[in-house]
Amino acid sequence: MTLEPFVVLLPLFGAMLAMPVGRAFGYRAAEFLTTGFMLIAAIYSWLLFFDVALGGNARTITLFTWIASGGFQADWAVRLDTLSAVMLVVVNSVSFLVHWYSMGYMKDYGEQPRFFAYLSMFTFAMLTLVTADNFVQLFFGWEGVGLASYLLIGFWFKKKSANDAAIKAFIVNRVGDFGFALGIMCIFYVFGTVEFDAVFSAVAANSEAIPFGQTSGAPIQELTINFLDMKLHALTVIGVLLFIGAMGKSAQFLLHTWLPDAMEGPTPVSALIHAATMVTAGVFLVCRCSVIYEYAPDAAALVTLVGAVTAFFAATIGLLQDDIKKIVAYSTCSQLGYMFFAAGVGAYDAAMFHLFTHAFFKALLFLGSGAVIIAMHHEQNIKKMGGVKGLMPFTHILMVIGTIAITGVGIPGFYLFGAPFGTAGFVSKDMVIEGAYHAGHMGRAFGTFAFVMGLAAAVMTAFYSWRLIFLTFWGPSRAPAEVRKHPHAVPDTMMAPLVPLALGALVAGMVFYGDFTGKNKEDFWNGSLYFSSAHHAEKAGADDHGTPGAQDAHAAAADDHDAEDAYADGHGEGEDEIPGWVLWSPFWAMVIGSVAAGWHYLRGDPLKPGLLRPGGMIYAFLKNKWYFDELYDFLLVKPSLAIGRFLWIDGDGKTIDGVGPDGISAAVAAGAKRIVKIQSGYVYHYAFAMLIGIALFVTFMLIRAGGAP
């Protein structure tokens with residue numbers, strides 16, 4: 001029996017057993033059981049990473065046929081290629097550390113078995129998603145993480161704000177998921193299958209596709225379909241619909257409003273959502289479908305545009321946030337924008353690399369923030385902190401490590417053992433920004449725009465990240481006296497998981513650079529990503545349809561290997577060379593933002609008004625998060641409530657019920673009230689009625705007798 005499925009099933013076993021074990025043996029047993037399963041899954045994930053990604057032993061284990069109906073079939077399988085192996089490492093490693101951390105964080109809250117069951121179920125759903133071998137299985141995991149996030153965000157269900165946040169996240173994600181479901185339907189309509197290999201190979205080879213129910217088709221890269229009474233490019237329609245799903249799940253611009261409200265859940269939930277599960281699903285989906293986006297340039301342009309705008313706008317909002325968790329949440333939204341615009345310009349390897357490194361420093365920042373919140377007696381406003389460095393020196397060091405990672409501290413152009421020298425965020429984020437410049441230089445839509453937005457976001461990221469450090473840990477304490485004298489003890493089980501995350505935030509970029517985006521990337525990804533270099537190489541030697549077969553495409557990509565290495569390292573010649581000022585631009589963006597934060601918050605009163613003063617239009621605009629909540633409330637929520645109230649009161653109440661059952665019952669009751677008055681109870685009334693009746697009867701008989709022949 002193969003053991004690979006257990007890397008997915010172990011969290012499920014933990015989720016199923018947590019509450020029964022908790023009832024039988026106490027909450028500690030449930031904690032150790034679920035955390036132990038996650039430890040085994042995390043270790044096995046790393047073993048699979050070395051075997052599959054570094055060893056090149058990709059494989060798919062089909063467990064059973066899940067759905068079979070006519071020509072439609074979907075198997076339940078465990079797909080193990082480099083892309084899924086990377087996600088297995090991210091999801092299981094971070095989830096294990098979050099489980100471990102939660103053993104200390106949740107000890108004063110109660111209901112640990114339910115909480116750990118939800119955490120493990122969340123992990124299982126995400127693992128199902130990343131190991132799926134077809135779009136339907138992926139959609140199962142996709143909806144599973146949506147359900148688990150609803151349960152975890154609203155974990156404190158007696159708190160109205162938590163319930164509201166959970167419902168908001170669930171509803172906003174349903175908007176995106178509707179687009180995703182339509183995309184899957186469109187895939188089956190065009191290809192007649194939902195299996196990844198069949199769909200992706202058909203696109204790469206430009207095979208002829210005959211849509212469902214049609215008698216003729218065309219090469220897939222040129223195929224058009226009728227959608228909403230319009231003749232549209234099939235791959236573009238598919239790419240856009242899939243990306244709408246990714247926008248909701250990964251909180252991209254316009255569908256982002258649920259993400260900051262999700263901070264109502266316990267802090268370990270925030271770390272798991274933002275670092276390893278849910279929000280990374282959208283990036284994974286776009287990278288998994290990289291071959292589709294390579295031949296749907298308009299859809300790729302949309303991905304680039306939305307990602308670039310998200311990176312910029314979320315960073316602007318983070319500048320003025322005071323809730324320590326929401327600052328980190330908006331930084332997640334911004335960093336996801338980086339990943340998406342990297343994927344949109346064809347730098348899928350850079351997008352996945354940044355997803356990988358981001359998991360380390362984002363989990364570190366969230367869990368470190370949770371430790372601060374516990375120590376400060378659940379205070380989350382950084383303006384009411386200050387001086388925490390003296391109370392929590394170790395946490396301060398770890399948070400600074402997370403900050404230098406997310407801001408991108410490193411030395412451009414300096415290589416150590418063949419990798420850029422710097423923190424994880426420096427290595428991966430610089431690759432994303434350089435990839436955007438390269439794409440813009442090569443004519444990719446919105447590539448230059450993404451480059452500019454990425455640099456602007458880098459300046460603001462450095463500013464708000466150091467603002468968090470300076471206002472929380474440095475300067476005089478602004479906390480109440482009782483908090484300063486008696487800080488809440490932070491258990492060791494909360495601090496220990498931060499150490500491996502800090503190590504990853506420092507060195508993961510340098511360690512894995514060569515495999516993810518450097519000279520070894522073609523062998524490392526082993527066909528699980530479809531590189532833009534292969535696309536450009538195909539164009540040079542394509543036939544009349546514009547594309548050779550899939551094998552020829554990979555051969556062409558291999559021939560272009562040196563040029564790609566030159567691009568990745570910034571040392572090439574000709575058009576693939578990255579100019580020196582581009583290599584240094586993210587560094588100077590980081591310096592400008594960091595120095596500006598220090599200049600403002602380390603000189604005198606840290607709470608003094610800055611360039612954006614309260615009362616100003618820009619201040620209000622950013623403080624109110626670009627007024628998206630108010631706009632949606634005006635355009636969607638209030639009209640929906642008005643329509644619902646009208647249909648409820650006037651439609652259902654007055655019309656349907658009023659005319660129907662309520663109206664009939666009211667008429668019967670009114671008639672009964674009138675008829676009952678006849679029954680007075682007086683004998684002389686009844687005698688009089690009888691006399692009147694007899695008189696009428698006799699009169700009737702006489703009239704009838706007189707008229708007879």
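Just so you know, these numbers use all the heavy atoms, side chains as well, and skip hydrogens, waters and symmetry mates. These figures come from a predicted structure and were not determined experimentally.
- There is a side-chain donor-acceptor pair under 3.5 Å between K362 and S331.
- Using a 4.5 Å heavy-atom threshold, the side chains of Y338 and H358 count as separate.
- L365 has its side chain within reach of I406: a pair of non-hydrogen atoms, C-beta onward, lies under 4.5 Å apart.
- Under 4.0 Å is where a charged nitrogen must lie from a carboxylate oxygen, and between E630 and K638 no such pair does.
- Residues passing the ring pair (Phe, Tyr, Trp, His ring centres under 6.0 Å) test with W626 are F313, F621, sequence neighbours excluded.
- When side chains are defined from C-beta on, L254 does not count as touching V306, because their heavy atoms never get closer than 4.5 Å.
- For the pair K249 and D177, the salt-bridge criterion is met [side-chain N within less than 4.0 Å of a carboxylate O].
- Here the CD1-CZ distance, from I433 to F587, works out to 13.5 Å after rounding to the nearest 0.5 Å.
- Expressed to the nearest 0.5 Å, how far OG1 of T472 lies from CE of M376 amounts to 9.0 Å.
- A donor-acceptor contact under 3.5 angstrom links the side chains of Y105 and T267, judged on distance only.
- Side-chain contact check for S594 and W466: at least one donor-acceptor pair (N or O, by modelled atom type) lies under 3.5 Å.
- Looking at E264, its side chain never comes within 3.5 Å of a backbone N or O of A262 through a donor-acceptor pair.
- Salt bridge absent: E379 and K325 never bring a charged side-chain N and a carboxylate O closer than 4.0 Å.
- Annotation: side chain of M460 is in contact with side chain of F312 (closest heavy-atom distance under 4.5 Å).
- Every residue two or more places apart in sequence or in another chain that forms a side-chain contact (heavy atoms from CB on, under 4.5 Å) with A271 is listed here: V98, F366, L367.
- Screening W156, F155, F157 against F115 for a ring pair (Phe, Tyr, Trp, His ring centres under 6.0 Å) leaves a single residue, F155.
- Cation-pi geometry between R467 and F463 is not satisfied (NZ or CZ under 6.0 Å from the ring centre, within 45° of the ring normal).
- Between the T128 side chain and the G141 main chain, no donor and acceptor come within less than 3.5 Å of each other.
- A salt bridge does not link K168 with D164: none of the charged nitrogens is closer than 4.0 Å to a carboxylate oxygen.
- Side chain of H99 to main chain of S95: a donor-acceptor pair is present (N/O by atom type, distance under 3.5 Å, no hydrogens or angles).
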*Given Y601 and W474, is the ring-ring contact (aromatic ring centres under 6.0 Å, His included) satisfied, shown in steps?*
CA-CA 9 Å; Y601 294 104; W474 295 29; over 10 Å; no
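- Taking each heavy atom of I153 and V269 in turn, the nearest pair found is N-CG1, 4.5 Å.
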